[in-house]
Amino acid sequence: MDMGHGMHMGSGDCKVSMLWNWYTIDACFLASSWHVTTRGAFAASCIGVALLAVCLELFRRLGREYDELISRQYQAAAAVARAPSAAIWKNGRPRQTVESSGSSIKSNGSNSSREAIQTLAGNADCCAVPSCSQQTPSSSSTTPATQQQQHDAEGHPGQSSRTYTYRVTPLQQLIRALLHAVTFGLAYIIMLLAMYFNGYIILSIIIGSGVGKFLCDWMVVRITVGGEAEMVQSAKGTLGKDELTVCCG
């Protein structure tokens with residue numbers, strides 16, 4: 001075996017090289033059964049390798065799309081679960097409390113009037129004395145607006161966000177695992193083909209990867225404009241996603 005030029009065992013045998021080469025006839029890949037004997041067979045091999053790279057990009061996209069589908073389903077389930085709890089809150093307070101406080105004000109209207117008159121009379125007597133100073137509001141007193149802000153900051157169910165944790169079903173996890181296994185296997189087959197250092201095969205891998213990215217990973221971005229900030233709601237493609245290299249799936 002010549003490490004520089006390859007292994008030649010006779011006419012019609014496989015030619016395998018550990019260095020860059022441009023073998024066409026008698027080139028072998030992965031197994032002795034993949035023995036190229038004609039130029040047409042070698043062209044078909046290059047096309048097949050390019051299609052493998054396209055399939056790799058396709059399964060990568062399918063894996064991401066399936067994860068996004070599961071996420072959208074659970075987001076809808078969380079919205080349905082949150083709706084009943086939000087319906088019983090009004091302006092940061094339970095509706096029952098708001099209604100009961102309104103009825104108590106109506107029922108105790110006369111008592112409140114008498115208390116207000118007594119308070120005003122007491123304040124008038126206090127202010128009539130020269131040595132008595134009127135009490136100023138302390139720093140601890142709060143206005144209704146401040147009380148509302150404090151009430152909102154306490155994290156009541158109607159005002160704060162909630163976190164719902166969902167776990168995918170065994171069937172969903174199985175589908176995710178199968179998609180990952182297929183992607184992983186294709187990536188390693190392509191890596192092994194590249195290790196034959198055949199220039200035509202490596203160019204086929206590069207071209208197929210580019211075509212697969214163009215066809216199977218067309219990025220679509222949805223942007224919400226308005227309010228105080230502009231936020232990218234969803235980006236289908238590689239925006240904000242970690243890409244895996246070919247050698248490791």
Side-chain angles (χ1 to χ4, degrees), residues 1-72 171-222 234-249:
M1 179 177 180
D2 186 357
M3 298 298 292
H5 297 86
M7 180 177 63
H8 303 276
M9 299 179 61
S11 178
D13 292 333
C14 291
K15 294 189 295 186
V16 179
S17 177
M18 301 299 294
L19 298 177
W20 189 270
N21 64 88
W22 296 95
Y23 294 152
T24 55
I25 305 299
D26 290 334
C28 293
F29 303 101
L30 298 180
S32 59
S33 58
W34 193 345
H35 184 190
V36 180
T37 56
T38 62
R39 293 186 181 275
F42 187 81
S45 297
C46 291
I47 294 173
V49 171
L51 290 178
L52 281 177
V54 173
C55 291
L56 175 62
E57 296 296 331
L58 174 62
F59 277 95
R60 281 179 172 174
R61 178 62 182 270
L62 288 177
R64 290 195 298 267
E65 288 292 333
Y66 188 70
D67 288 345
E68 292 179 1
L69 174 63
I70 295 175
S71 179
R72 288 193 296 268
L171 178 60
Q172 291 173 335
Q173 186 65 11
L174 177 61
I175 296 175
R176 295 181 70 246
L178 289 177
L179 290 173
H180 176 75
V182 173
T183 305
F184 196 83
L186 286 174
Y188 267 93
I189 290 174
I190 292 173
M191 181 197 68
L192 291 174
L193 288 171
M195 290 178 64
Y196 282 87
F197 300 100
N198 188 291
Y200 297 107
I201 295 298
I202 292 177
L203 286 177
S204 299
I205 292 173
I206 295 173
I207 293 172
S209 178
V211 172
K213 185 72 173 180
F214 182 82
L215 296 177
C216 304
D217 199 6
W218 201 293
M219 188 173 67
V220 176
V221 181
R222 293 184 179 87
S234 62
K236 293 185 178 180
T238 59
L239 185 62
K241 295 182 180 294
D242 296 330
E243 287 295 322
L244 300 175
T245 58
V246 174
C247 65
C248 55

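All values below were derived from every heavy atom in this structure, side-chain atoms included, with hydrogens, water molecules and symmetry-related copies excluded. Predicted, not measured: the structure shown is a model, and the values here were computed from it.
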List the atom pairs, with distances to 0.1 Å, where a side-chain N or O of residues 193-208 and a protein N or O form a donor-acceptor pair under 3.5 Å, not counting sequence neighbours.
unit_1, atom_1, unit_2, atom_2, d
Tyr196, OH, Leu30, N, 2.7
Asn198, OD1, Tyr200, N, 3.0
Asn198, OD1, Ile201, N, 3.4
Asn198, ND2, Asn21, OD1, 3.3
Asn198, ND2, Tyr23, O, 2.8
Ser204, OG, Tyr200, O, 2.8

Determine, stepwise, if the pair Gln172 / Tyr66 fulfils side chain to side chain contact (heavy atoms under 4.5 Å, CB included). CA-CA 9 Å; Gln172 291 173 335; Tyr66 188 70; 3.5 Å; yes
Non-hydrogen side-chain atoms of Thr183 and Leu56 separated by less than 4.5 Å: yes
Give the C-alpha distance, both sets of side-chain angles, the deciding distance and a yes or no for salt bridge (Lys or Arg N to Asp or Glu O under 4.0 Å) between Arg64 and Glu68. CA-CA 6 Å; Arg64 290 195 298 267; Glu68 292 179 1; over 6 Å; no
Reference residue Lys15; test side chain to side chain contact (heavy atoms under 4.5 Å, CB included); the match among Thr24, Val36, Asp26: Asp26
Side chain to side chain contact (heavy atoms under 4.5 Å, CB included) between Ile25 and Phe42: does it pass, once the steps are laid out? CA-CA 7 Å; Ile25 305 299; Phe42 187 81; 5.9 Å; no
Please evaluate residues Leu52 and Leu186 with respect to the criterion side chain to side chain contact (heavy atoms under 4.5 Å, CB included), reporting the C-alpha separation (whole Å), side-chain torsions for both, the decisive distance (0.1 Å), and the verdict. CA-CA 7 Å; Leu52 281 177; Leu186 286 174; 3.7 Å; yes
What salt bridge (charged side-chain N to carboxylate O under 4.0 Å, His left out) pairs are there with at least one residue in residues 174-185, not counting sequence neighbours? Asp67-Arg176
Roughly how far, to the nearest 0.5 Å, is the CZ atom of Arg39 from the OG atom of Ser45? 13.5 Å
Spatial distance of atom CG (Leu62) from atom CG (Leu178) [nearest 0.5 Å]: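 Atom-to-atom, Leu62:CG and Leu178:CG are 12.5 Å apart.
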Indicate yes or no: does Glu57 engage Arg61 in a salt bridge with an N to O separation below 4.0 Å. no
Intermediate values then yes/no, side chain to side chain contact (heavy atoms under 4.5 Å, CB included), Arg60 and Asp217: CA-CA 9 Å; Arg60 281 179 172 174; Asp217 199 6; over 6 Å; no
With Cys28 via disulfide bond (SG atoms under 2.5 Å apart) - residues at least two apart: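 Listed in chain order: Cys14.
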Evaluate the ring planes of Trp20 and Trp22, with Trp represented by its six-membered ring, and classify them as parallel (under 30°), tilted (30 to 60°) or perpendicular (over 60°).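 Trp20 vs Trp22 ring planes: perpendicular.
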